Amino acid sequence: MNTLNNYIEGQKERFLEELIDLLKIPSISADSKYSGDVVRTAEVVAKRLTEAGADNVELCETKGYPIVYGEKILDANLPTVLVYGHYDVQPPDPLDLWDSPPFEPVIKDEKIYARGACDDKGQMYMHVKAFEAMMKTNTLTCNVKFMIEGEEEVGSDNLELFVKSNKEKLKADIILISDTAIIANDIPSITVGLRGMSYVEVEVTGPNRDLHSGVYGGAVGNPINILSKMIASMFDENNHITIPGFYDDVVDLTDDERAALNSAPFSLEEYKDDLEVGAVYGEDGYTTIERTSTRPTLDVNGIWGGYIGEGAKTVLPSKAYAKISMRLVPNQSSDKITELFTKHFESIAPKSVKVKVTPHHGGEPLVIPTNFKAYQAASRAMEDTFGKTPIPVRGGGSIPIVALFEKELGLKSILMGFGLDSDAIHSPNEHYGIFNYFKGIETIPLFYKYFSEN
Ligand code: BES
Ligand code: MN
Ligand code: MN
């Protein structure tokens with residue numbers, strides 16, 4: 001075994017303990033109650049970066065949460081890798097579905113259970129530890145910059161401003177990100193696409209006040225009934241989205257591209273078993289792989305209104321609400337889709353209600369090529385540590401800032417993630433395999449090595 005791997009081997013216990021410490025801090029960016037904890041997490045990440053050997057580590061203040069920056073510039077003539085990750089996490093709700101408290105990490109069956117274990121503290125921290133190992137064994141072969149943000153789960157608005165106004169500071173040759181998944185622990189893959197996003201909140205108002213559903217029911221439009229109907233009408237009998245123009249900019253894949261996509265290992269039976277569903281559900285004419293990667297979607301993330309307390313209250317509510325996300329694919333534009341949705345939603349509302357559409361964050365879709373040096377470096381690195389060539393796959397999730405990196409910094413990203421779809425990110429009992437954590441720490445230095453080679 002070489003010095004680098006020896007070093008990692010010797011430090012495994014500490015590497016794990018440090019991650020566990022990080023996971024104990026509830027850095028929930030969406031909930032302002034936790035703002036102190038989010039900032040504290042940034043401070044811990046900064047401290048750990050310094051200890052690992054990074055120079056000029058700072059908390060870059062923004063209007064929201066700070067961005068942790070650090071660097072190691074060995075030689076201006078060497079290539080520079082810009083590592084991006086996020087230290088914020090999703091809210092842990094619903095709490096009662098967790099087997100152990102979300103911010104009291106436990107190790108069970110070789111996995112760490114905690115909110116953020118995989119998304120993205122565990123994956124982000126692999127980079128800090130891989131960097132430490134390279135520094136301590138004198139094996140770093142290129143320059144590194146770290147940019148770890150605390151608002152990814154809420155749309156990265158402030159990172160967007162930071163990127164636009166710090167182009168010199170962020171000068172690099174490639175961006176390296178671990179915030180995605182592999183197909184399985186024995187089937188490595190590299191994510192070569194992300195979906196974009198348009199996220200809106202809708203409010204439907206009926207009568208000016210809540211009404212007795214006996215006195216008025218049947219004669220006044222019930223906003224919850226109407227909202228449900230409006231949402232249902234946004235799909236036709238083939239589960240195509242009915243918003244006019246929605247698919248206009250979608251780039252259809254060629255038959256060859258579709259065949260390649262569908263040749264990735266996938267078992268529909270296992271998929272259904274895992275989710276305990278009798279059948280999958282989606283747009284006619286497309287496979288599950290396509291439905292979750294190269295096709296756009298519309299999903300209600302939450303819907304509420306009226307009485308939801310104990311027992312039964314008879315009420316015809318004044319208002320109904322829903323949060324709706326649309327996942328986008330090349331070449332759809334987030335702003336355009338938000339506009340199409342808004343126009344359509346307003347146009348299908350009956351006169352008995354008023355509607356209001358409020359856009360939340362958005363992000364553009366992207367595809368990453370496989371025929372360039374950085375992809376090949378990542379592929380070789382994973383091949384070395386997994387013993388198999390990774391399969392390029394298009395991911396269904398979104399990391400909106402990645403398209404912005406390309407637009408503003410002119411840099412491509414490598415999405416070399418080590419999670420699994422079954423890690424329950426954003427769900428109760430999120431976890432991250434210890435195998436995956438150390439596989440990441442071992443693979444990252446090889447990426448640097450191959451990327452630095454002439
Ligand atoms: N790490 C995820 C994105 C992801 C997960 C990509 C799995 C590919 C596979 C990221 O933290 C995330 O959750 N993104 C959000 C978007 C954001 C605007 C809230 C998402 O995809 O819902
Ligand atoms: Mn993430
Ligand atoms: Mn996430």
Side-chain angles (χ1 to χ4, degrees), residues 23 27-31 38 41 64-65 83-93 102 114-127 147-160 175-184 189-201 264 289 292-294 296-302 323-329 334 337-338 359-368 392-405 413-428 430-432 436 440:
L23 291 169
S27 51
I28 309 166
S29 51
D31 189 341
V38 185
T41 308
Y65 292 119
V83 175
Y84 163 80
H86 62 97
Y87 63 81
D88 64 321
V89 302
Q90 285 275 327
D93 311 73
R115 170 57 84 233
C118 171
D119 184 13
D120 179 43
K121 281 175 175 166
Q123 297 213 59
M124 173 271 287
Y125 205 61
M126 298 181 315
H127 287 270
M147 171 172 60
I148 316 293
E149 71 153 322
E151 300 186 329
E152 195 277 338
E153 300 291 8
V154 290
S156 302
D157 286 351
N158 291 303
L159 182 64
E160 190 173 330
I175 298 176
L176 181 62
I177 305 173
S178 296
D179 195 19
T180 51
I182 49 177
I183 296 175
S189 57
I190 297 177
T191 302
V192 293
L194 289 169
R195 286 196 281 193
M197 165 96 87
S198 157
Y199 200 118
V200 297
E201 185 164 328
I289 290 185
T292 55
S293 63
T294 55
T297 62
L298 184 152
D299 274 292
V300 179
N301 297 255
K323 290 183 192 279
I324 298 173
S325 66
M326 287 158 279
R327 296 275 171 180
L328 312 178
V329 301
S334 170
I337 292 295
T338 301
H360 280 269
H361 48 245
E364 306 308 330
L366 87 149
V367 181
I368 297 160
V393 296
R394 286 179 57 175
S398 310
I399 312 175
I401 203 70
V402 179
L404 191 105
F405 289 153
S413 295
I414 293 297
L415 300 169
M416 194 171 71
F418 293 86
L420 294 174
D421 283 348
S422 55
D423 284 344
I425 64 172
H426 295 206
S427 303
E430 175 176 353
H431 54 271
Y432 191 40
N436 304 72

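Counting starts at 1 for both ligands and their atoms, following the listed order. As the structure is a prediction and not an experimental result, all values here were calculated from the model.
- Side-chain contact between Y432 and Q123: present, with at least one pair of heavy atoms (C-beta onward) separated by less than 4.5 Å.
- Within a 6.0 Å sphere centred on CG of D31, heavy atoms belonging to other residues, nucleotides or ligands number more than 12.
- By the 4.0 Å heavy-atom criterion, G395 is excluded from the residues contacting ligand 1.
- Here the protein heavy atom with the shortest distance to atom 5 (C) of ligand 1 is I425 CD1, 3.6 Å.
- The heavy atom nearest to atom 22 (O) of ligand 1, out of those in H360, H86, R195, R327, is found in R327.
- Taking the salt bridge (Lys or Arg N to Asp or Glu O under 4.0 Å) definition, one finds that R394 meets it with nothing, sequence neighbours left out.
- Regarding atom 8 (C) of ligand 1, its nearest protein heavy-atom neighbour is T180 CG2, 3.7 Å.
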- Message: Applying side-chain hydrogen bond (donor to acceptor under 3.5 Å, both in side chains) to K121 and T41, what does each step give before you reach the verdict?
- Response: CA-CA 10 Å; K121 281 175 175 166; T41 308; 4.7 Å; no
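- Close to ligand 1: P400, with a non-hydrogen atom less than 4.0 angstrom away.
- In this structure, the side chains of P296 and R195 stay at 4.5 Å or more apart for every pair of heavy atoms.
- Below 3.5 Å of separation, one finds no N or O of Q90 facing any N or O of ligand 1.
- The one candidate from E430, E153, E152, R115 that meets the side chain to side chain donor-acceptor pair (under 3.5 Å) condition with Q90 is E153.
- With distances taken over non-hydrogen atoms, the option nearest atom 15 (C) of ligand 1 out of S398, G193, G196 is S398.
- In this structure, M416 CE and M126 CE are separated by 7.0 Å, a value rounded to the nearest 0.5 Å.
- Using a 4.0 angstrom heavy-atom cutoff, D119 counts as in contact with ligand 1.
- When side chains are defined from C-beta on, E151 does not count as touching L159, because their heavy atoms never get closer than 4.5 Å.
- Side chains of D119 and H426: a donor on one and an acceptor on the other come within 3.5 Å.
- Among protein heavy atoms, atom 17 (C) of ligand 1 sits closest to E152 O, 3.8 Å.
- Nearest non-hydrogen protein atom to atom 19 (C) of ligand 1 is E153 O, 3.7 Å.
- For ligand 1, the atoms closer than 4.0 angstrom to any heavy atom of H361 are 18 (C).
- Put simply, the side chain of S413 does not reach to within 4.5 Å of the side chain of Y84, judged on heavy atoms.
- Less than 2.8 Å away from the Mn ion (ligand 3), the protein contributes these N/O/S atoms: D119 OD2, E153 OE1, E153 OE2, H426 NE2.
- Proximity of D179 to ligand 1, defined as any heavy-atom pair under 4.0 Å, is shared by backbone and side chain alike.
- The shortest distance between side-chain heavy atoms of M197 and M326 does not fall below 4.5 Å.
- For the pair E149/S156, a side-chain contact is recorded, criterion being any heavy-atom separation below 4.5 Å from C-beta on.
- Ranking the protein heavy atoms by distance from atom 6 (C) of ligand 1 puts G397 CA, 3.8 Å first.
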